[in-house]
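Reviewing the structure listed below.
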Number of protein chains: 4
Amino acid sequence: MQFKDNEAIYLQIADHICDLILRKEFSKDTRIPSVRELAVSLVVNPNTIVRSYAYLEEKGIIYNQRGIGYFVAKDAIDIVMKLKMDQFMSSELPQFFKKMALLKISLKDLKELYHKTHQTNGKEISYEAQ
Amino acid sequence: MQFKDNEAIYLQIADHICDLILRKEFSKDTRIPSVRELAVSLVVNPNTIVRSYAYLEEKGIIYNQRGIGYFVAKDAIDIVMKLKMDQFMSSELPQFFKKMALLKISLKDLKELYHKTHQTNGKEISYEAQ
Amino acid sequence: MQFKDNEAIYLQIADHICDLILRKEFSKDTRIPSVRELAVSLVVNPNTIVRSYAYLEEKGIIYNQRGIGYFVAKDAIDIVMKLKMDQFMSSELPQFFKKMALLKISLKDLKELYHKTHQTNGKEISYEAQ
Amino acid sequence: MQFKDNEAIYLQIADHICDLILRKEFSKDTRIPSVRELAVSLVVNPNTIVRSYAYLEEKGIIYNQRGIGYFVAKDAIDIVMKLKMDQFMSSELPQFFKKMALLKISLKDLKELYHKTHQTNGKEISYEAQ
DNA sequence: GTGGTCTAGACCACC
DNA sequence: GTGGTCTAGACCACA
């Protein structure tokens, strides 16, 4: 996994796990990889994983069974969707529209860009169809 | 001026100056406030302004006449637009589309949101018409 | 390390690191000293090192892994060479030729001076043969 | 006159006057422009000219007759030549050779560059023939 | 007056 | 431990 350096790694990892949950690669009550396993496979410091999991647990997306591991909460998908939707509507969308205005990009331009993106780059949105 | 916590103050100041340039409140070859003046008026340390100005100068948006002050470069608007456009096309737009897919927001939904925003919140985009 | 008075310390440090890279004392992906370490060993303020490193990172010569340190970029040598070559061809060389003309130094004179220098002072250019 | 921003303007002006002396456009005991005249014609602050003249006077290149103006010293040419030659031999030449080594530019390369420069850009060295 | 640089020391997020 | 940012205050060259 490649990390962007403008966002905290632990948040990128947490986000990635959310994605896997949304794509149903991790189902409810599934055990997710241990801190050590994931640290090894992602080549990051175990503390970083600890932080990711703590973040996800605090949001109620995963829960911990002591001595056993972390598991996907039963309403994980709903929580993740709600979190993302809230952030999108309250922050990302207005910022995006503001930026469009600044760059004088019309809704029509956006529509074209959208179609262009979804023709050439089918892989990125493949999980939409799953 | 209010500063957000999640972005460096010197970048927020630089960005704000870019906005003023785009809105033509600062024209080319206009002298912008001196480091000390702006530091006082924004209630930040002069060094923070120095950093903002160094950043803008490095991008070619402003230039320095020694002992006199900083001035808006003649092609400042083009540079600012290019910088923002590049960032938008390479990063913000793909991320936005990805998020749309994740949240199952269609282009049609987006269109509705767009129109809703631009009815209720005309002030925010008023400078578009200038 | 001794610093000249007529050039900013942070630039002298940056330049010195470039030299070390060119001489392959720092190879690609090598971790360079931490800000604090180098500040102690060069007896300068850590902020000064921060500036040197920010400068080098901005040029793409080094990159940062958060919480770990700075590393030499994989094409650092090319970038350093390009930067120095550009400056040489566009500025230093013309100035030098102009000065030669002014002092009425011919190409033949220069050749003699060159040979004289490279006999008596072999140490300075020893890394040329490496 | 265009000023480079990497060198103090007063030094650039002083240097320019030295050039004029070397080209014999200012002969010995000629009165050079008054501080005010030159400040107006170069569009700089009069204080800057004062500094240039002070610098030249301190070097013995010009002298002042109170209430009348500044005049070119009788051995101005010798002094200018000596100053420039000293600086060239002790500092610029070694630095230049060092840079050549660093950039792996041979004497042969230099020769070619020299000829190329002196074919295409005859104006710059025109005063050599005067 | 202008900006450029440096020091000293602090706080923060992150690994 | 790492770097990133900010403040406070100082000194300097320059216009």
Side-chain angles (χ1 to χ4, degrees), chain A residues 3 5-13 35 39 42-52 54-55, chain B residues 3 5-13 31-39 42-57 62-71, chain C residues 3 5-13 31-39 42-57 62-71, chain D residues 3 5-13 35 39 42-52 54-55:
Chain A
F3 297 110
D5 60 351
N6 54 359
E7 194 188 351
I9 290 175
Y10 84 96
L11 285 175
Q12 294 182 54
I13 292 171
V35 168
L42 295 182
V43 197
V44 296
N45 191 304
N47 282 328
T48 304
I49 307 294
V50 168
R51 245 180 130 163
S52 302
Y55 173 82
Chain B
F3 297 112
D5 272 6
N6 55 357
E7 195 187 356
I9 291 176
Y10 84 94
L11 286 176
Q12 294 182 53
I13 292 171
R31 183 171 172 278
I32 63 177
S34 80
V35 169
R36 288 167 176 81
E37 279 168 20
L38 196 54
L42 295 183
V43 197
V44 295
N45 189 289
N47 278 330
T48 303
I49 307 296
V50 166
R51 247 183 126 170
S52 302
Y53 283 8
Y55 174 82
L56 291 170
E57 186 181 26
I62 60 177
Y63 64 92
N64 183 5
Q65 280 194 260
R66 266 214 303 259
I68 302 179
Y70 277 97
F71 297 79
Chain C
F3 297 112
D5 272 5
N6 54 358
E7 195 188 354
I9 291 177
Y10 84 95
L11 286 176
Q12 293 182 52
I13 292 171
R31 183 172 173 277
I32 63 177
S34 80
V35 168
R36 289 166 175 79
E37 278 168 20
L38 197 55
L42 295 183
V43 197
V44 295
N45 188 288
N47 278 330
T48 304
I49 307 295
V50 166
R51 250 186 123 168
S52 302
Y53 283 9
Y55 173 82
L56 291 170
E57 186 181 26
I62 61 178
Y63 63 91
N64 183 7
Q65 282 194 260
R66 266 213 303 258
I68 302 179
Y70 277 97
F71 297 79
Chain D
F3 297 110
D5 61 351
N6 55 359
E7 195 188 351
I9 291 176
Y10 86 93
L11 286 176
Q12 294 182 54
I13 292 171
V35 167
L42 296 182
V43 197
V44 295
N45 190 303
N47 282 329
T48 305
I49 308 294
V50 168
R51 247 179 130 163
S52 302
Y55 174 82

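Below, read A as the first sequence line, B as the second, and so on, with proteins coming before strands; counting in each chain starts at 1. Only heavy atoms go into these numbers, but all of them, side chains included; no hydrogens, no water, no symmetry mates.
- Summarising the geometry, the separation between CG on C:Asn64 and C1' on F:dG4 is reported as 9 Å, rounded to the nearest angstrom.
- At least one donor-acceptor pair closer than 3.5 Å links the side chain of C:Gln12 to the backbone N or O of C:Glu7.
- In secondary-structure terms, DNA chain F builds stems of at least 3 consecutive Watson-Crick or G-U pairs, each pair having both distances under 3.5 Å, at E:1-14 with F:1-14.
- B:Ile62 places its CD1 atom 14 Å from the C1' atom of E:dG4, with the value rounded to the nearest Å.
- When all heavy atoms are compared, the tightest approach of B:Phe3 to B:Leu42 is CE1-O, 4.2 Å.
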Atom pairs and distances, donor-acceptor, side-chain atoms in residues 44-54 of chain B, under 3.5 Å, two or more places apart:
residue, atom, partner, partner atom, Å
B:Asn45, OD1, B:Asn47, N, 2.8
B:Ser52, OG, B:Tyr10, O, 2.9
B:Ser52, OG, B:Thr48, O, 3.2
B:Tyr53, OH, B:Pro33, O, 2.7

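- Atom CG in D:Asp5 sits roughly 10 Å away from atom P in E:dG4 (whole-Å rounding).
- Residue C:Asp5 places its CG atom among 12 or fewer non-hydrogen atoms of other residues, nucleotides or ligands, all under 6.0 Å distant.
- Atom-to-atom, CD1 of B:Ile32 to P of E:dT2 comes out at 13 Å; the value is rounded to the nearest Å.
- Here F:dG4 presents its P atom at 15 Å from OH of B:Tyr55, a figure rounded to the nearest Å.
- For D:Tyr55, the OH atom counts as loosely surrounded, since its 6.0 Å shell holds 12 or fewer non-hydrogen atoms of other residues, nucleotides or ligands.
- Residues C:Gln65 and C:Phe71 meet the side-chain proximity criterion, which asks for heavy atoms closer than 4.5 Å.
- Ranking E:dT2, F:dT2, E:dG4 by closeness to the B:Glu57 side chain, first place goes to E:dG4.
- At a threshold of 4.5 Å between non-hydrogen side-chain atoms, the residues B:Arg31 and B:Tyr70 do not count as touching.
- OP1 or OP2 of E:dG4 sits under 4.0 Å from a side-chain N or O of B:Tyr70.
- Look at CG on A:Leu42: it is 12 Å from P on E:dC15, rounded to the nearest Å.
- Shortest non-hydrogen contact noted between B:Glu57 and B:Asn64 is OE2-CB, 3.5 Å.
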Quiz prompt | Contact state string [nucleotides 5-15 of chain F, B base, S sugar-phosphate only, - no protein heavy atom under 4.0 Å] | solution = BBBBB----BS
